[in-house]
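This report concerns only the one structure given below.
Chain A is the first sequence line, chain B the second, and so forth, proteins listed ahead of strands; every chain is numbered from 1. Side-chain atoms are counted along with the backbone in the values below, which use heavy atoms only and exclude waters and symmetry mates.
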Amino acid sequence: MKLNELTAHELHEKLVGKEVSATEITKTVYERIDAVEGKVNSYVTLTREQAIAQANEIDHRIKNGETVTPLMGIPIAIKDNMCTDGVKTTCSSKMLADFVSPYNATVMNKLNTAGTVMIGKTNLDEFAMGGSTETSYFGTTHNPWDLERVPGGSSGGSAAAIAADEAIISLGSDTGGSIRQPASFCGIVGLKPTYGRVSRYGLVAFASSLDQIGPITKDVTDAALVMNAISGHDAMDSTSANVDVPDFTKALIPDVKGMKIGVPKEYLGEGVDQEVADNIQQSIKQFEAMGAKCEEISLPNTEYAVSVYYIIAPAEASSNLARFDGVRYTYRAEDANDLMELYCKSRSQGFGPEVKRRIMIGTYALSSGYYDAYYKKAQQVRTLIKQDFEKAFETYDVILSPTSPSAAFKIGEKASDPLSMYLSDICTIPVNLAGIPSISIPGGYNAAGMPIGIQLMGKAFDENTILRAAYAFEQNIKDTLKRAPLKG
Amino acid sequence: MEYGIVIGLEVHAELKTKSKIFCGCSNEFGGQPNTHVCPICLGMPGVLPVLNKSVLEFAMKAGMAINCEISRYSKFDRKNYFYPDLPKAYQISQFDLPICKDGYIDIDVEGETKRIRVNRIHMEEDAGKLVHTEGYGSSAVDVNRCGVPLIEIVSEADMRSPQEAYEYLTKLKSILEYTEVSDCKMQEGSLRCDANISLRPKGQEEFGIRAELKNMNSFKGVLKGLEYEVKRQTEILESGGEVVQETRRWDDEKGVTSSMRGKEEAHDYRYFPDPDLVPIEVDEEWIQRIKDELPELPDVRKKRLIEEDGLPEYDAGVITASKGLAVFYDECMKGYHNSKVVSNWIMGELSMYLNENNMEIDECKIAPAQLAEMLKLIDNGTISGKIAKTVFAEMFASGKDPEVIIKEKGLVQISDEGELAKIVEEVIANNPKSVEDYHNGKEKAVGFLVGQIMKATRGKANPALVNKLLKEKM
Ligand SMILES: [Zn+2]
């Protein structure tokens, strides 16, 4: 296998054994990018020179006898909504097409400390609003398993980069499923941590009470390694939790004997593809074969989750995105005659249709006279959804469901039907509303050969239990897992 | 028909914490445009606010001094509106759960104490400001002030005259100064006041239609703006018209208010809880700690000056209204015994010079101990009370010690009887007409002769001695 096809922990072994250098790894990754990026379009910006320099420096440090830490010299792709000092942060929007952040997101500082090598900034749905990466100003990203299909979204670029071996590890952000759904569409691993586990400082906000940064990786072990690097309390983020951070790799034990797994019936109802439902039944059998106990459960308020989400997220977004007004660093309309025109034209021209749609929904939901009926009511139902989970976790260690009702769909298939696009988030949204952690791992493949993901949800700040279940499952089906068939 | 006046005030005070409310930038006034800034107060993509604890403590302190209840649980909300001086396009403020509520301030109205209720005090961040440059067809934005911490103090509509509003504002300013939470300089904008004012027929319970008044940039401006509004609204009502609910702008130069925007143009701010900030929870221990830090407040200090120092109520009121004056007074009393004399000098010469030079007491060069020293020099006859005024003027200008000034300018009083006698004899000899007038019973002639002696001594003659010698020699 080529170096770029390996996982972070495999490359780490080779770096420790001095079999390869960080520079060689980085160069191999760029060779792959040169070969396939034209077809996939994972990246908005590539940082080749900076990356080679970073890798050289790492090699120098290793040569000088520095201990090689787990992510040292590992190429990473960063979703282009995380601020990187001196490198463009576009959010895949015309509005920020030329924006260069003057500061680093906290996760970037942490990754620099860990010694990762940033390969580039990856494509996303504009301002992370979407589930297919089709709303990007910089063009659609293509699924490495089938270039005519979407990679999922909004972290579609990060997921495609990993599936196409254009990076070893990556970061995504997840507001309603934006890490997990693309991971499942691309046949890899995506973890949305507990809200507050990872600092949001420097993540361009979409919906502040839901957004969370997390890893998208080739396997569960790499996800745990990235979690070790990016987690922890940050004085710059009031909502980051001041709780102990465990060593996530300690959870990587292939043993689920006695684990109680709940399978909510609401996640397997109407609208879920038969092949996806079948895959869950098969997964249940596998877990049971490993000694876990699976039972059907009910999370009765699930049916309201999509409605609640599509009030709260746009409401917060309408306020978060108001700063993009043409006055400072954003796109500015040329032909404005006064202030009001400057605002209206800059925002009309700078934002794409999906972003505008959500800003309008959110503005409406917060308007005087509607606030109580929409935003306030949505917050109350959000509490009920959270309580559903809390109740379930009194009995169960993990909750298992599909990550998405279907495998990756065709590009353009849902682009003109926002409602059907919104409904495809049904399995992932409740997790964000409840603030709990959840991981998507490959569960199998449909008849067309596209990956199907399974989702494991856990208690708040108990990522370790889902990591353990995910690791055990992954080890169990390891031999059946495939690679994306994309040729260079 | 006679009308009753109903006034409520909304006062914004900048808190003088070291750093801004949600970032580490300096909170100092002024500075070159856009120098006290960072990604956070610039509202760059991805930044998050973190509450500066001192802001919360300053707000609690102000609340306690205004007799408010401190909320054990409060939160921040976003107030959404577009304006180029507001980089995030929302202001972080407190909407329905403010940090302080239900307080009051007692004011003096014609010798009676009147209680003005305070509805709430909330914390918020200030916006930047626009600098309009002539001729460029554009405006520049200075965001130094973005994120400067503010408290907004909202009174009930309890004031019944512009004068009461003026008294309330004066008292509020003195409380904020005493607690050292704000500089309260209206010219620099660290204290800003908006007013609601309406009229209603005497005897009617229900409030009339109100106008909101903005842009009153001084205490006098508040008084004049409200007085103008009373006149304007009275005229409307008397001619059978109806007052329009609107926001009006006070023009200090023209002395009139004019319509800024009507009720229908009012913004929908789309308030909602700021998801980037966690709710504020304050426990009893914390509240007690802040309470223990509270200094002596104006009312208590005034009582002390009356009861312990024996000052007349009026003097005590004037001196304690300004924390600076009160501290000056207390310090001066450490070096001098007579409170009324100290109070006379503070309310007289000192206040006069401060007003003339448009200065605050903290900018004054005279140290309280220097004034005490000067008063002792009067008592021991080194200088006369009249000369003292000259000495004081020089002290105010240079900050020099009174002894130094007296020495440099040769202002020591002539109390030597022999020396003075010669001058008296000379003056008598040169003014036979006045001496004759005196002997003919014209007391006024003495005044003229004293004047001549003072002229000859350049004011340094000991007045008592001059009088005595003059009468003896004639
Ligand atoms: Zn700042």
Side-chain angles (χ1 to χ4, degrees), chain A residues 81-83 89 91 95-96 99 101-106 127 196 199-205 207-211 234-240 312 315-316 318-330 339-340 342-344 347 362-371 375-376 379, chain B residues 21-24 34 37-53 56 75-93 95-96 127-128 130 132 137-141 143 146 266-280:
Chain A
N81 61 350
M82 296 171 214
C83 287
T89 299
C91 294
M95 192 56 106
L96 291 179
F99 174 65
S101 168
Y103 75 100
N104 261 337
T106 296
F127 285 103
S199 169
R200 292 187 294 117
Y201 187 76
L203 170 68
V204 181
S208 315
S209 73
L210 301 160
D211 295 343
D234 180 9
M236 303 293 277
D237 176 2
S238 312
T239 64
S240 92
I312 292 174
E316 293 180 5
S318 72
S319 174
N320 285 331
L321 271 63
R323 71 191 66 192
F324 307 119
D325 59 5
V327 173
R328 290 163 304 271
Y329 41 79
T330 57
L339 182 61
M340 189 50 85
L342 177 75
Y343 285 151
C344 293
R347 287 169 69 79
T363 304
Y364 180 80
L366 290 175
S367 296
S368 154
Y370 297 97
Y371 179 86
Y375 190 78
K376 201 171 164 194
Q379 288 292 11
Chain B
I21 183 167
F22 297 122
C23 66
N34 302 314
V37 295
C38 71
I40 297 170
C41 54
L42 282 169
M44 300 295 284
V47 297
L48 297 169
V50 174
L51 177 62
N52 174 353
K53 249 191 193 160
L56 176 59
K75 68 175 169 73
F76 281 105
D77 302 274
R78 292 186 184 178
K79 179 180 180 178
N80 296 283
Y81 66 95
F82 287 97
Y83 203 64
D85 68 3
L86 192 67
K88 299 192 298 297
Y90 60 81
Q91 179 194 26
I92 303 178
S93 181
F95 183 52
D96 56 343
L130 295 188
H132 303 285
S138 66
S139 298
V141 188
V143 290
C146 275
H267 291 288
D268 178 359
Y269 290 119
R270 288 172 282 118
Y271 278 102
F272 75 105
D274 192 332
D276 287 334
L277 287 157
V278 286
I280 305 155

Next on the checklist: Under a 3.5 Å threshold, yes or no: a donor from one side chain and an acceptor from the other, between A:Y371 and B:R270?
Outcome noted: no
Item to check | Between B:N80 and A:S319: side-chain donor-acceptor atoms closer than 3.5 Å | outcome: yes
Taking all atoms of both residues into account, what is the closest heavy-atom pair of [X] and [Y], and its distance?
X	Y	result
A:R323	B:M44	NH1-O, 3.1 Å
B:P275	A:R200	O-NH2, 4.1 Å
B:P45	A:Y103	O-OH, 2.7 Å
B:L277	A:S238	CD2-OG, 3.9 Å
A:E316	B:R78	O-NH1, 4.2 Å

Can you tell me how far apart [atom1] ([X]) and [atom2] ([Y]) are? Round to the nearest 0.5 Å.
X	Y	atom1	atom2	answer
B:L42	A:R328	CG	CZ	8.5 Å
A:D234	B:L48	CG	CG	8.5 Å
A:S367	B:D268	OG	CG	5.0 Å

Next on the checklist: Below 4.5 Å, heavy-atom pairs only: which of B:D274, B:V47, B:V278 has the largest tally toward chain A?
Outcome noted: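 The answer is B:V47.
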Item to check | Among B:P87, B:P39, B:A89, residue most engaged with chain A (heavy-atom pairs, under 4.5 Å) | outcome: B:P87
Next on the checklist: Please check this pair: side chain of A:Y343 against backbone of B:Y83, looking for a donor-acceptor N/O pair closer than 3.5 Å.
Outcome noted: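 Looks like yes, one N/O pair under 3.5 Å.
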Does any backbone or side-chain atom of [X] lie under 4.5 Å from a heavy atom of chain B? Answer side chain, backbone, both or neither.
X	value
A:Y201	both
A:S209	both
A:A235	backbone
A:N320	both
A:S199	neither
A:F324	side chain

Checklist outcome for this item: Turns out that what part of B:Y269 lies under 4.5 Å from chain A's heavy atoms comes down to neither
Item to check | Interface moiety of B:Y90 toward chain A, non-hydrogen atoms closer than 4.5 Å | outcome: side chain
Checklist entry - Where does the angle between the aromatic ring planes of B:F272 and A:Y375 fall among parallel (under 30°), tilted (30 to 60°) and perpendicular (over 60°)? => result perpendicular
Checklist entry - A:F99, A:Y329, A:Y370: which one forms the most heavy-atom pairs within less than 4.5 Å of chain B? => result A:Y329
Item to check | Between A:L342, A:V327, A:D237, the one whose heavy-atom pairs under 4.5 Å with chain B are most numerous | outcome: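 Greatest number of close heavy-atom pairs with chain B: A:D237.
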Checklist entry - side chain to side chain contact (heavy atoms under 4.5 Å, CB included) between A:L339 and B:F82: does it pass, once the steps are laid out? => result CA-CA 10 Å; A:L339 182 61; B:F82 287 97; over 6 Å; no
